[in-house]
There are 4 protein chains.
Amino acid sequence: MIFRKKFDSFYSYLAHRMNVQSEIKDKKDSIINSTLELIRDHGFHGTTISLISEKAGVAAGTIYHYFVNKDAIILELYNTIREEMLVAMFGEAKKEKEYRIQFFRGWKDLCKYFINNPSRLIFIEQYNCSPYFNLNKKKQSKIPVNQFNEFFQYGMDNGYLKKMEYNLVASVVFGGIIATAKYHIFGKFGYTDNDLCKIANIIWDGIKRQEISNKVSIII
Amino acid sequence: MIFRKKFDSFYSYLAHRMNVQSEIKDKKDSIINSTLELIRDHGFHGTTISLISEKAGVAAGTIYHYFVNKDAIILELYNTIREEMLVAMFGEAKKEKEYRIQFFRGWKDLCKYFINNPSRLIFIEQYNCSPYFNLNKKKQSKIPVNQFNEFFQYGMDNGYLKKMEYNLVASVVFGGIIATAKYHIFGKFGYTDNDLCKIANIIWDGIKRQEISNKVSIII
Amino acid sequence: MIFRKKFDSFYSYLAHRMNVQSEIKDKKDSIINSTLELIRDHGFHGTTISLISEKAGVAAGTIYHYFVNKDAIILELYNTIREEMLVAMFGEAKKEKEYRIQFFRGWKDLCKYFINNPSRLIFIEQYNCSPYFNLNKKKQSKIPVNQFNEFFQYGMDNGYLKKMEYNLVASVVFGGIIATAKYHIFGKFGYTDNDLCKIANIIWDGIKRQEISNKVSIII
Amino acid sequence: MIFRKKFDSFYSYLAHRMNVQSEIKDKKDSIINSTLELIRDHGFHGTTISLISEKAGVAAGTIYHYFVNKDAIILELYNTIREEMLVAMFGEAKKEKEYRIQFFRGWKDLCKYFINNPSRLIFIEQYNCSPYFNLNKKKQSKIPVNQFNEFFQYGMDNGYLKKMEYNLVASVVFGGIIATAKYHIFGKFGYTDNDLCKIANIIWDGIKRQEISNKVSIII
DNA sequence: AATGAATGAGCGTTCATTCAT
DNA sequence: TATGAATGAACGCTCATTCAT
């Protein structure tokens, strides 16, 4: 067996493998996290490979063992944060039974995720404004559904939400979350839980299926 | 009179002046417009001086007759678009008497401005995510009021809107406009006028002063 | 006659011509003098055409009516200052009868010329260090004699000076003048007339023909 | 010991270290030496990064691994030559016992250093005329003493030299050395050792303490 | 796997010079 | 004669990426 040459036993080999794995994860994570912090402080353009290598404590060349190029770091960061957002939004919410409560729980939890991780908020904001976004959007267009739009689609199909395109709901819901988190982080006063609930209410009123209403919409 | 020396009449002088002015304006405008389109296609960082000079049909050095550096082009573009936004939002709206109608007219007109000028929308979005924003924000902080926050302040002072920080109203209102315009431009189906009105209604409901309500906010 | 068309009389034509001449001289002088001051403040490299045109109060293009290129301004400045140096050194000195007194008068007068015209001193110093020097030296090598080396040659031929190459005497004499002027201008304390005479004495002792001397030169 | 991991023995480690060191020194030296020769031929301004990289046989970017910018190359060159000058002047001279002999030996040795290294002479001459000089002069002003002025101060304190400002002695002594070396290099005929001694004698006579003299200084 | 010296295309910017007016 | 907008080659410098060790 190949591990015989270097290792006393299968267990020491395994231990080594695990150690290496963890080191690899450590190094990759270090690169990812350093990039995230650098983008928060210097933006996409100001985050150079040499800055990343310095902050991550690895040589510049080492970065290219883990990522084919600089864009790949950003893409991985983006995908990681997207997953975290998914967990943040639905981790607790899916335990609720009522659709409306699921929405409120999810909206608030995702909003708090950004409030507690400002560098992730800044990254996502910058990413959506950058050429990376359009590049990645094309790739994403091949993925027909994901958990976000499944949730909204479910709401529409079951009469909870107005029938409209997924993107629009997403814009309003996520736009609201991001605007709220931004204001909390950069504004003079932070929000209370109560404030967050009120804002979520506004959004919900906007996207929920309208009952036969005696409220007259203004049309000009 | 000074124009006598070189020109046959005041009118030929004026014609000359206008011609010169228009040529200057042509070249400067060409640089500005080329930059705008390039930013739409390649982002801030991807818009190089050599690309601008190529697209504008001028030598690279010529750009530096009209702008001290690359940042100055972007800043001028920003200020121009800000002014256009102001005109787009309030040009017609201020003719209305009722505050609520002013809001709807303004919201819709600004939304349409972005729908009809996608490159301006993309520029503003990128600008707000970039280091340029923070640079300019400091300068703007010295200007105590502008027409945008005057309008919202008026609404709060006169009981039309909930009392809150200017930045938050701006986030919700402009965030809504931008999200809507983006969806119209990049989404599969465009919006009708009716759709825009419905979205404006949602925003208005969010920011208007709440009447004593029997609607119970959900708090979790 | 051609002047009839524009001028009332020959005299008014002449007056115009003289005025134009003087304007031309004014403009050329303005360019020359501005260049001199700019070189004093910013060095050769830092003195740009646009700075000269600004300081001289003429358009950049106008400079090219008077000089074929930037180097020509510098060359003319050099030749002008060389002439002024000649006048400064020999203007009064040649009125003296005794060769030794001629030397002292000339040395002191040239030294004072630099002390009173620091920008000229700085120019000459920079010129001698620049590639212009080598360029011009080749042109000058065609001029076999000038007033400077004539004076030293005369001193050698008539037994006042040690017989040596002209360039060496020049180095020692002009090197002394420039070092002294520099010290006066940039040093903490200025020189008195008496100080200048003492330094001239040192130089004279160095270059004058040695009498039969009991002073033993050191040779190692 | 850390070298054990990669190298068979301390000697192979040392050999490796020396090899690496020497390679680094080779590349840095190549840049330095190429710059020196290019400045001799084209002046400061004419010595471009692309010329240096071409002559040194390295990529333009490589230069910036060894020097923060172009000025840093010139500053290092200046400091190196200053040190060489110090060694050239005092290396042998300090072995002499008599102050006067020390002066003659030092003067001649430094003069010969420049005669044998014309590119260093030209560099120093250009440096002293350039903005770099003033930049560095301010830094040097913080260093209260160096070996050059210590030597002259000693001479003044012990009655060998006239009491005067350090700068003046330096001007006369170094001005003489540089003028002599220049004449030797650019003049038609080179100097013999005897010639150098004679010139040194002239300088010495100028700066040495005057005995009670029946020689009358001329004052006009 | 890890390094970091080396690369060189490409960046933003400058500036002597030209030329239509 | 005088202008100054326009030019574009060339500058110093950056930085993502490569590769020998």
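Each chain gets a letter, A, B and so on, in the order its sequence line appears, and its residues count up from 1.
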Chemist: Take the angle between the ring planes of C/Phe44 and C/Tyr127 and call it parallel below 30°, perpendicular above 60°, tilted in between.
Modeler: perpendicular
Chemist: Rounded to the Å, how far apart are C/Lys70 NZ and E/dT18 P?
Modeler: 15 Å
Chemist: Can you tell me whether the side chain of A/His65 and the base of E/dA1 have a donor-acceptor pair closer than 3.5 Å?
Modeler: no
Chemist: Measuring from the side chain of D/Ala59 (C-beta onward, heavy atoms only), which nucleotide among F/dT17, E/dT7, E/dT13 has the closest atom?
Modeler: E/dT7
Chemist: Rounded to the Å, how far apart are A/His45 NE2 and F/dC15 P?
Modeler: 7 Å
Chemist: Working to the nearest 0.5 angstrom, can you tell me the gap between A/Thr48 OG1 and A/Lys70 NZ?
Modeler: 7.0 Å
Chemist: In this structure, how many angstroms lie between the C1' atom of F/dG8 and the CD atom of B/Glu54, rounded?
Modeler: 14 Å
Chemist: Does E/dA5 have a Watson-Crick or wobble partner in any strand here, with both distances under 3.5 angstrom, and which is it?
Modeler: F/dT18
Chemist: Using OP1 and OP2 only, check whether a side-chain N or O of A/Thr62 sits under 4.0 Å from E/dT3.
Modeler: yes
Chemist: For C/Asp26 and F/dT1, what is the distance between atoms CG and C1' respectively, to the nearest whole Å?
Modeler: 15 Å
Chemist: Does a side-chain N or O of A/Lys27 approach OP1 or OP2 of E/dA2 to a distance below 4.0 Å, or not?
Modeler: yes
Chemist: Would you classify D/Thr48 as touching base, sugar-phosphate or nothing, given that sugar-phosphate means primed atoms plus P, OP1 and OP2, and contacts are heavy atoms under 4.0 Å?
Modeler: sugar-phosphate
Chemist: Does any non-hydrogen side-chain atom of C/Glu76 lie less than 4.5 Å from one of C/Lys28?
Modeler: yes
Chemist: From the options E/dT3, E/dA6, F/dT17, select the nucleotide whose nearest atom is closest to the side chain of A/Asn69.
Modeler: F/dT17
Chemist: 5'-most contact on DNA chain F: D/Val68 or D/Gly46, nearest heavy atom basis?
Modeler: D/Gly46
Chemist: OH/B/Tyr78 to CG/B/Asp71 distance, rounded to the nearest 0.5 angstrom?
Modeler: 14.5 Å
Chemist: Is there a side-chain contact between C/Phe67 and C/Ile49, using heavy atoms and a 4.5 Å cut-off?
Modeler: no
Chemist: B/Val58 has a side chain; which of F/dT3, E/dG8, F/dT7 sits nearest to it?
Modeler: F/dT7
Chemist: Look only at the side chain of C/Ser119 and the backbone of C/Glu37, and say whether a donor-acceptor pair between them is shorter than 3.5 Å.
Modeler: no
Chemist: Among the nucleotides F/dG12, F/dT7, E/dG12, which one has an atom lying closest to any side-chain atom of D/Ile49?
Modeler: F/dG12
Chemist: How close or far is atom C1' of E/dT14 from atom NE2 of C/His42, stated in whole angstroms?
Modeler: 16 Å
Chemist: Between C/Gly61 and D/Ala60, which residue's closest nucleotide on DNA chain E lies nearer the 5′ terminus?
Modeler: D/Ala60
Chemist: Ignoring the backbone of A/Tyr66, work out which of E/dA2, E/dA6, E/dC11 is nearest its side chain.
Modeler: E/dA2
Chemist: Check the distance between F/dC11's P and B/Tyr64's OH and give it to me in whole angstrom.
Modeler: 17 Å
Chemist: By nearest heavy atom, map C/Gly57 and D/Ser50 onto DNA chain F; which one lands nearer the 5' end?
Modeler: C/Gly57
Chemist: Take atom CG of C/Asp71 and atom P of E/dC15, then tell me their distance rounded to the nearest Å.
Modeler: 16 Å
Chemist: Starting from P on E/dC19, measure out to CD1 on C/Ile63 and report it in whole angstrom.
Modeler: 17 Å
